[in-house]
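The structure under discussion appears below in the form of structure tokens.
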Amino acid sequence: MIVLRTLLVAVLVLTALVLELTVVGPLGLPGATPPLLLVVVAAVGLAGGEVRGAVTGFAAGLLLDLAPPAQGPIGVSAAV
């Protein structure tokens, strides 16, 4: 059960990352782009508890820093 839940969270984070970088980012919405990863991490934190949310947030931030249009040092988004 835990493996299935972890796999589901990983798929959700990867899907949100791809959508945020490829679909929502280039839209050029006025103001800012919607942070899809933040929404996924908040949902995981609310549903699974603070430890699962913190681990998911760190992993999502690290993936965001490692994504192809990466600029700057690695780990800044993960630390935030």
Side-chain angles (χ1 to χ4, degrees):
M1 186 71 172
I2 292 176
V3 174
L4 184 63
R5 188 175 298 181
T6 305
L7 184 63
L8 177 65
V9 168
V11 168
L12 282 172
V13 167
L14 287 175
T15 303
L17 176 70
V18 168
L19 286 175
E20 186 172 328
L21 293 176
T22 60
V23 177
V24 180
L27 281 178
L29 299 173
T33 59
L36 298 178
L37 277 175
L38 179 64
V39 172
V40 169
V41 169
V44 169
L46 287 173
E50 53 274 337
V51 173
R52 185 175 293 271
V55 170
T56 304
F58 182 79
L62 195 59
L63 283 175
L64 186 62
D65 285 340
L66 292 173
Q71 298 172 351
I74 296 174
V76 174
S77 295
V80 171

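Everything quoted here is computed from the prediction, not taken from an experiment.
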Practice task
Mind running side chain to side chain contact (heavy atoms under 4.5 Å, CB included) on Leu14 and Leu63 for me, showing each step along the way?
Solution key: CA-CA 8 Å; Leu14 287 175; Leu63 283 175; 4.0 Å; yes
Handout entry: Nearest-0.5 Å distance, CD1 of residue Ile2 to CZ of residue Arg52
Key = 7.0 Å
Completion exercise
Result for side-chain contact (heavy atoms from CB on, under 4.5 Å) between Thr15 and one of Val11, Leu12, Val18 points to Val11
Handout entry: Cluster overlap Leu64 with Val40, hydrophobic side-chain contacts below 4.5 Å
Key = yes
Exercise for the section: Consider only side-chain heavy atoms of I, L, V, M, F, W and Y, link residues closer than 4.5 Å, and tell whether Leu36 and Val9 are in one cluster. Expected result: no
Practice task
Would you kindly confirm whether Val44 and Leu8 end up in one hydrophobic cluster when ILVMFWY residues are joined by side chain heavy atoms under 4.5 Å apart?
Solution key: yes
Handout entry: Minimum side-chain heavy-atom gap Leu21-Leu17 below 4.5 Å
Key = yes
Completion exercise
Here the pair of heavy atoms bringing Val13 nearest to Leu37 is O-CD2, 3.6 Å
Handout entry: Main-chain N/O of Gly45 paired with Glu50 side-chain donor or acceptor, under 3.5 Å
Key = no
